Amino acid sequence: MELGRALRVRRSEMGLSQARVAALSGLSRQTVSQLETGSVPDLGLNKAERLAELLGLSLRVDLGFDAAPARAKKMLPLDRAAATASVSYRSALPADELRRMLVTGQAADRYAPHLHALLDDAPVSLLAALAEQLHEENGGGRAQVWKRYRSLARQVKSLRNLWA
């Protein structure tokens, strides 16, 4: 039930239909629907992981202790995303400029290649973490962040199936 609820919420935030998620994951729409409602008879770990990964979620086994101190040392998603977008370029995309583009939905010509690389190649889990950070910092719904991702992906002519 927990996995199905998480998948339904994220799919909705991302603006994807069950049919689209099914097509992108290689599962049937009926399986996606059953999983979301908690009525799927059996879903193997590989299929569950593939579906979760598509939506930027992860399956994890928790040992029951608090791992917060380890998480505190990690880079913020915005900083990780700016670094990821800059890997192949001489000039770096500043995190503040990436934030501006993601909040306004307007790609700066100078950084359009960086944004293209981010939206085409970054793990969906990073984009999801970034959406959560932007939601927490700027308010508005997570669905709005995903909508701006799609708009920016069209502006920079992203080829990733997720944005089609």
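In this text, all values refer to a predicted model and were calculated from it rather than measured experimentally.
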Is a side-chain donor or acceptor of Arg29 paired with a backbone partner of Ala22 at a separation under 3.5 angstrom?
no
Side chain Ser158, main chain His116, donor-acceptor under 3.5 Å:
no
Donor-acceptor check, side chain of Tyr111 to backbone of Ala85, threshold 3.5 angstrom: yes or no?
no
dist Met101:CE -> Gln106:CD (nearest 0.5 Å) comes out at 11.0 Å
Got a donor-acceptor contact below 3.5 angstrom from the Arg142 side chain to the Glu13 backbone?
no
Starting at OG of Ser25, measure out to CG of Leu35 and round the result to the nearest 0.5 Å.
10.0 Å
Partners meeting side chain to side chain contact (heavy atoms under 4.5 Å, CB included) with Ala95 (sequence neighbours left out):
Leu78, Asp79, Ala82
What is the minimum heavy-atom distance between Leu126 and Ala81, and which atoms define it?
CD2-CA, 3.9 Å
Stepwise, does the salt bridge (charged side-chain N to carboxylate O under 4.0 Å, His left out) test hold for Arg5 with Glu36?
CA-CA 6 Å; Arg5 194 172 18 257; Glu36 287 186 359; over 6 Å; no
Tell me whether Arg150 contacts the main-chain N or O of Met14 through its side chain, where contact means a donor paired with an acceptor under 3.5 Å.
yes
Do Arg100 and Glu97 sit within salt-bridge range, that is, some charged N less than 4.0 Å from a carboxylate O?
yes
Determine the minimum heavy-atom distance between Tyr149 and Leu127, stating which atoms define it.
OH-O, 2.7 Å
Between the side chain of Thr31 and the main-chain N/O of Leu27, is any donor-acceptor distance below 3.5 Å?
no
ring-ring contact (aromatic ring centres under 6.0 Å, His included) contacts touching residues 79-109 (sequence neighbours left out)
Tyr89-His114
Would you give the length of the straight line joining atom OG of Ser151 to atom CD of Gln144, rounded to the nearest 0.5 angstrom?
10.5 Å
Atom CZ in Arg10, atom CH2 in Trp146: separation rounded to 0.5 Å?
6.0 Å
As a quick check of understanding, evaluate side chain to side chain contact (heavy atoms under 4.5 Å, CB included) for Leu102 and Val145, giving each step before the final call.
CA-CA 7 Å; Leu102 295 174; Val145 177; 6.0 Å; no
Is there a continuous path of hydrophobic side-chain contacts, each under 4.5 Å between heavy atoms, that joins Val9 to Leu51?
no
Partner set under salt bridge (Lys or Arg N to Asp or Glu O under 4.0 Å) for Arg148, not counting sequence neighbours
none
Give the minimum heavy-atom separation between Val124 and Arg160, together with the two atoms involved.
CG2-NH2, 3.6 Å
As an exercise, state the distance from CD of Glu49 to OG of Ser58, rounded to the nearest 0.5 Å.
9.0 Å
Let me see the working for Leu16 and Leu162 under side chain to side chain contact (heavy atoms under 4.5 Å, CB included), right down to the final yes or no.
CA-CA 9 Å; Leu16 299 172; Leu162 184 63; 3.9 Å; yes
N-O pairing of Arg50 and Glu53 below 4.0 Å
no
Honestly curious: do Leu59 and Val32 fall in one hydrophobic cluster under the side-chain, below-4.5 Å linking rule?
yes
Over all atoms of both residues, closest heavy-atom pair of Pro94 and Ala92:
CD-O, 3.2 Å
Flag yes if Leu76 and Leu118 sit in one hydrophobic cluster, no otherwise; membership is Ile, Leu, Val, Met, Phe, Trp, Tyr, and two members link when side-chain heavy atoms are under 4.5 Å apart.
no
Leu7 and Ala52: which non-hydrogen atoms are nearest, and at how many Å?
CD2-CA, 4.0 Å
Is there a donor-acceptor pair under 3.5 Å between the side chain of Ser12 and the backbone N or O of Arg8?
no
Which distance, rounded to the nearest 0.5 Å, do you find between the CG of Leu93 and the OG of Ser86?
5.0 Å
How about Leu119 and Leu115: do any of their side-chain heavy atoms sit closer than 4.5 Å?
yes
Heavy-atom pair with the smallest gap, counting every atom of Glu137 and Arg99
OE1-NH2, 2.8 Å
Stepwise side chain to side chain contact (heavy atoms under 4.5 Å, CB included) check, Trp163 with Lys157
CA-CA 10 Å; Trp163 311 122; Lys157 297 179 178 35; over 6 Å; no
Is it the case that the side chain of Gln155 and the backbone of Ala107 share a donor-acceptor pair, with hydrogens and angles ignored and the cut-off at 3.5 Å?
yes
